[in-house]
Amino acid sequence: MHKSRLAGFIIDCRTTDLQSAAGFWSGALGMEQHRLPGEEGEKYRRLVDPTERLHVEVQLVDHPSRVHLDIETDDIEAEVRRLEALGAIRVARIQSWWVMRAPTGQKFCVVNAGPGDFASNANQWP
């Protein structure tokens with residue numbers, strides 16, 4: 001058995017000014033903006049959900065702008081297989097996570113569970 005749940009949203013921005021893009025979404029969503037450390041800070045800005053429930057990031061991308069969701073899990077391979085059984089397909093493995101495509105075309109990611117209340121608030125799957 002494994003567990004999974006919605007982790008949050010990634011706002012993909014095709015732009016030359018990540019700071020301004022993150023500033024817009026920070027203001028629009030009422031979430032404080034934080035630069036991530038090291039090289040990640042060149043490509044990502046974290047927006048802090050005041051309820052601490054959702055993980056939200058603004059990401060610099062080369063493809064057209066869009067919003068995608070992340071599903072977090074304690075067993076990436078089991079969750080990917082479960083989603084494939086529902087009709088999703090694997091698109092690419094990036095570091096430790098999978099980019100997937102839903103049967104209706106939307107891309108999303110399956111990522112490792114983060115810290116916090118994951119174990120007590122995730123769905124449990126056989």
With side chain to side chain contact (heavy atoms under 4.5 Å, CB included) as the test, would you mind laying out the steps for Met31 and Asp49 before giving the verdict?
CA-CA 6 Å; Met31 295 180 172; Asp49 175 9; 3.9 Å; yes
Would you sort out whether Asn112 and Thr73 count as a side chain to side chain contact (heavy atoms under 4.5 Å, CB included), showing the intermediate values?
CA-CA 5 Å; Asn112 285 311; Thr73 182; 5.8 Å; no
Arg81 vs Glu84, salt bridge (Lys or Arg N to Asp or Glu O under 4.0 Å): CA-CA, chis, key distance, verdict:
CA-CA 5 Å; Arg81 285 192 310 269; Glu84 286 176 321; over 6 Å; no
Derivation and outcome, side chain to side chain contact (heavy atoms under 4.5 Å, CB included), residues Val58 and Leu47
CA-CA 7 Å; Val58 177; Leu47 301 182; 3.8 Å; yes
CA sep, side-chain torsions, deciding dist, call: Arg53, Glu72, salt bridge (Lys or Arg N to Asp or Glu O under 4.0 Å):
CA-CA 12 Å; Arg53 172 60 183 96; Glu72 65 180 339; 5.1 Å; no
Derivation and outcome, side chain to side chain donor-acceptor pair (under 3.5 Å), residues Asp17 and Thr15
CA-CA 5 Å; Asp17 189 352; Thr15 181; over 6 Å; no
Test salt bridge (Lys or Arg N to Asp or Glu O under 4.0 Å) applied to Asp12 and Arg66, step by step:
CA-CA 5 Å; Asp12 296 340; Arg66 64 179 181 228; 3.3 Å; yes
Between Arg46 and Arg35, does the side chain to side chain contact (heavy atoms under 4.5 Å, CB included) criterion hold? Intermediate values first, please.
CA-CA 6 Å; Arg46 174 87 187 263; Arg35 182 186 173 113; over 6 Å; no
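In this structure, the side chains of Cys13 and Trp25 come closer than 4.5 Å at one or more pairs of heavy atoms. Ile10 places none of its side-chain heavy atoms less than 4.5 Å from the side chain of Val67.
Judged by distance alone, the side chains of Glu57 and Tyr44 never bring a donor and an acceptor atom under 3.5 Å apart. For the residue pair Gln106 / His68, no side-chain donor-acceptor distance below 3.5 Å is found, with atom types taken as modelled. Judged purely by distance below 3.5 Å, without hydrogens or angles, the side chains of Gln19 and Arg45 pair a donor atom with an acceptor atom.
A salt bridge does not link Glu79 with Arg90: none of the charged nitrogens is closer than 4.0 Å to a carboxylate oxygen.
To the nearest 0.5 angstrom, Met100 atom CE is 12.0 Å from Leu69 atom CG. Annotation: the span from Cys109 atom SG to Gln95 atom CD amounts to 11.0 Å, rounded to 0.5 Å. Going from atom CG of Leu60 over to atom OG1 of Thr16 covers 8.5 Å, rounded to the nearest 0.5 Å. Distance CH2/Trp125 to CZ/Arg82: 4.0 Å, rounded to 0.5 Å.
In terms of heavy atoms, Phe108 sits closest to Ala88 at CZ-CB, 4.1 Å. In terms of heavy atoms, Asp74 sits closest to Phe118 at N-CZ, 3.7 Å. Listed here is the closest heavy atom pair of Trp97 and Val111: CB-CG1, 3.7 Å.
In the hydrophobic cluster analysis, where Ile, Leu, Val, Met, Phe, Trp and Tyr join through side-chain heavy atoms closer than 4.5 angstrom, Ile76 is grouped together with Leu6. Ile94 is not connected to Ile71 by any chain of hydrophobic side-chain contacts under 4.5 Å among Ile, Leu, Val, Met, Phe, Trp and Tyr, and they are in different clusters. One hydrophobic cluster holds both Leu29 and Leu54 under the rule that ILVMFWY side chains link at heavy-atom gaps under 4.5 Å.
When atom types are taken as modelled, the side chain of Asp117 and the backbone of Asn121 share no donor-acceptor pair closer than 3.5 angstrom. Distance alone, capped at 3.5 Å, is enough to place a donor-acceptor pair between the Lys3 side chain and the Ala119 backbone. A donor-acceptor distance shorter than 3.5 angstrom exists from the side chain of Ser65 to the backbone of Arg14, with no hydrogens or angles considered.
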